[in-house]
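See below for the structure under consideration.
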Amino acid sequence: MSRRLLRLSRAIPLAASALLALGGCAGPAAPSDAPRPLQVVATTTVFADLVRNVGGDLVAVDSLVPKGGDVHTFEPAPSDVTAVASAKLLVMNGLGLDDWLERLVANGAASGTPIVKLGEGVTGVELLPGEDPGTANPHLFMDPVYAERYVDQIVVALQRVDPAHASAYAAQGTAYAARLTTLDAEVRADIATIPEAQRRLVTFHDAFPYYAREYGLMIVGVAVEAPGQEPSAAEIAALIEAIREANVKAIFSEDQFPTRLVDQIAAETGAHVVANLYDDSLGDPPITSYEAVIRWDTDQLVQSLR
């Protein structure tokens, strides 16, 4: 071996050793200056979307009820207990829609964690009756005007648990509320294209009364009082008679519910079934936000009733 090659062969392991030594001295990477997102847990994908629009990158939001799930009959799993326990803020509707979250907290899942009940925080409105005497219908959020009031409450709740970013939550909440104001105007204009005599419908369950009241629709009846409850033969017969008398053109159901019952009623009345509405849950694209839910449902109503 030549002297030059000998020198090179000796130099290579020495250089490698030096690089390893330098790497060992470099130490761990410097921690990021970016703050960790605030952990928020909401009961449904709809409320999670509202929080996400107000919180932006400052929050990380989980929904306990998965996309397409039924909030009325939801049973929390052990993993949900873990998610609730790690949250800094819990967001629910209240008014009987998702009270199982309070029971979860009462059993020790998140003692002391702030809870905001969006439906119960809306003031100055006439609540419509719920399925049981003395209760209120909880679906205020299906009216975009009331959804803006949900946004106001979310802003305040986030500011209380994360005051360092209060101004950011206020600005993002204001921008989102402005979009909901635009959404309300769009829905109002679209519903106005339906002749007044044709603004009558039947729904699978009572999720749309606030939407109907806001935009001048008449809900003639519902197929079931609440998801999971089967109507009696007498109740079905009464609904069929009401549909015939009101000349209802369409029966609307939500995407996550079976259509057997509404198909049966439609066969008896000549009404047609539209089974792809959304209310308590987001869906697959393009139904991936609260705004998309309202626009989608409005399009289905207009196309079917006009």
Side-chain angles (χ1 to χ4, degrees), residues 68 70-73 93 95-97 119 125-146 187-188 190-281 283 293-294 296-306:
D70 182 2
V71 64
H72 305 83
T73 59
N93 188 80
L95 297 176
L97 182 72
V125 303
E126 180 185 352
L127 293 174
L128 296 170
E131 60 191 78
D132 296 318
T135 65
N137 188 293
H139 295 89
L140 287 90
F141 54 92
M142 290 304 294
D143 178 349
V145 175
Y146 293 160
V187 174
R188 210 169 292 278
D190 288 343
I191 296 296
T193 65
I194 305 172
E196 286 192 25
Q198 296 171 205
R199 297 180 193 175
R200 300 172 182 177
L201 62 147
V202 165
T203 59
F204 179 78
H205 84 293
D206 208 11
F208 294 88
Y210 296 104
Y211 178 102
R213 183 174 70 180
E214 187 69 55
Y215 301 116
L217 297 167
M218 177 188 293
I219 297 179
V220 172
V222 296
V224 301
E225 290 297 323
Q229 296 182 8
E230 286 291 325
S232 66
E235 289 171 331
I236 294 174
L239 179 59
I240 289 173
E241 183 62 25
I243 291 172
R244 288 170 175 164
E245 289 183 359
N247 193 28
V248 172
K249 293 182 175 295
I251 303 171
F252 295 89
S253 183
E254 293 94 318
D255 182 75
Q256 71 265 38
F257 297 127
T259 63
R260 177 187 57 80
L261 177 59
V262 291
D263 286 340
Q264 173 189 341
I265 295 171
E268 294 284 340
T269 60
H272 68 275
V273 174
V274 179
N276 60 349
L277 296 193
Y278 294 82
D279 50 75
D280 298 321
S281 173
V293 164
I294 298 299
W296 176 271
D297 288 354
T298 301
D299 286 346
Q300 306 313 305
L301 289 165
V302 170
Q303 291 175 22
S304 298
L305 300 180
R306 189 172 59 187

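Atoms considered below: every heavy atom in the structure, side chains included; atoms not considered: hydrogens, waters and symmetry mates.
- Side-chain contact between Leu201 and Met218: absent, with no pair of heavy atoms (C-beta onward) separated by less than 4.5 Å.
- A salt bridge links Arg260 to Glu230: at least one charged side-chain nitrogen sits closer than 4.0 Å to a carboxylate oxygen.
- Counting only heavy atoms from C-beta outward, the side chains of Leu217 and Leu301 approach each other to under 4.5 Å.
- For Pro231, the side-chain contact (heavy atoms from CB on, under 4.5 Å) partners are Val224, Glu235, Ile236, Leu261, not counting sequence neighbours.
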Yes or no on side chain to side chain contact (heavy atoms under 4.5 Å, CB included) for His205 and Glu254, after CA distance, side-chain angles and deciding distance? CA-CA 9 Å; His205 84 293; Glu254 293 94 318; 2.6 Å; yes
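- Here the straight-line distance linking atom OG of Ser304 with atom CD1 of Ile251 works out to 11.5 Å at 0.5 Å rounding.
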Name every donor-acceptor pair, under 3.5 Å, that has one atom in a side chain of residues 272-279 and the other anywhere in the protein, sequence neighbours excluded.
{"from": "His272", "atom 1": "ND1", "to": "Lys249", "atom 2": "O", "distance (Å)": "3.0"}

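- Checked against the 6.0 Å centroid threshold, His139 and Tyr211 do not count as a close aromatic pair.
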Chi angles and distances behind the side-chain hydrogen bond (donor to acceptor under 3.5 Å, both in side chains) call for Asp132, Thr135: CA-CA 6 Å; Asp132 296 318; Thr135 65; 5.2 Å; no
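- Within the model, atoms CG of Leu239 and OG1 of Thr269 stand 8.0 Å from one another, a figure rounded to the nearest 0.5 Å.
- A donor-acceptor pair under 3.5 Å links the side-chain atoms of Tyr210 to the main chain of Asn137, judged by distance alone.
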Could you walk me through whether Val71 and Asn93 satisfy the side chain to side chain contact (heavy atoms under 4.5 Å, CB included) test, starting with their C-alpha distance in whole Å, then the side-chain angles of each, then the deciding distance to 0.1 Å, before giving a yes or no? CA-CA 11 Å; Val71 64; Asn93 188 80; over 6 Å; no
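- A donor-acceptor distance shorter than 3.5 angstrom exists from the side chain of Arg200 to the backbone of Ala246, with no hydrogens or angles considered.
- Thr298 contributes atom OG1, which lies 11.0 Å from atom CD of Gln303 (distance to the nearest 0.5 angstrom).
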Ignoring hydrogens and angles, write down the donor-acceptor pairs under 3.5 Å from the side chains of residues 191-198, residues two or more places apart or on other chains.
{"from": "Thr193", "atom 1": "OG1", "to": "Asp190", "atom 2": "O", "distance (Å)": "2.5"}
{"from": "Thr193", "atom 1": "OG1", "to": "Arg306", "atom 2": "NH1", "distance (Å)": "3.0"}
{"from": "Gln198", "atom 1": "NE2", "to": "Leu305", "atom 2": "O", "distance (Å)": "2.6"}

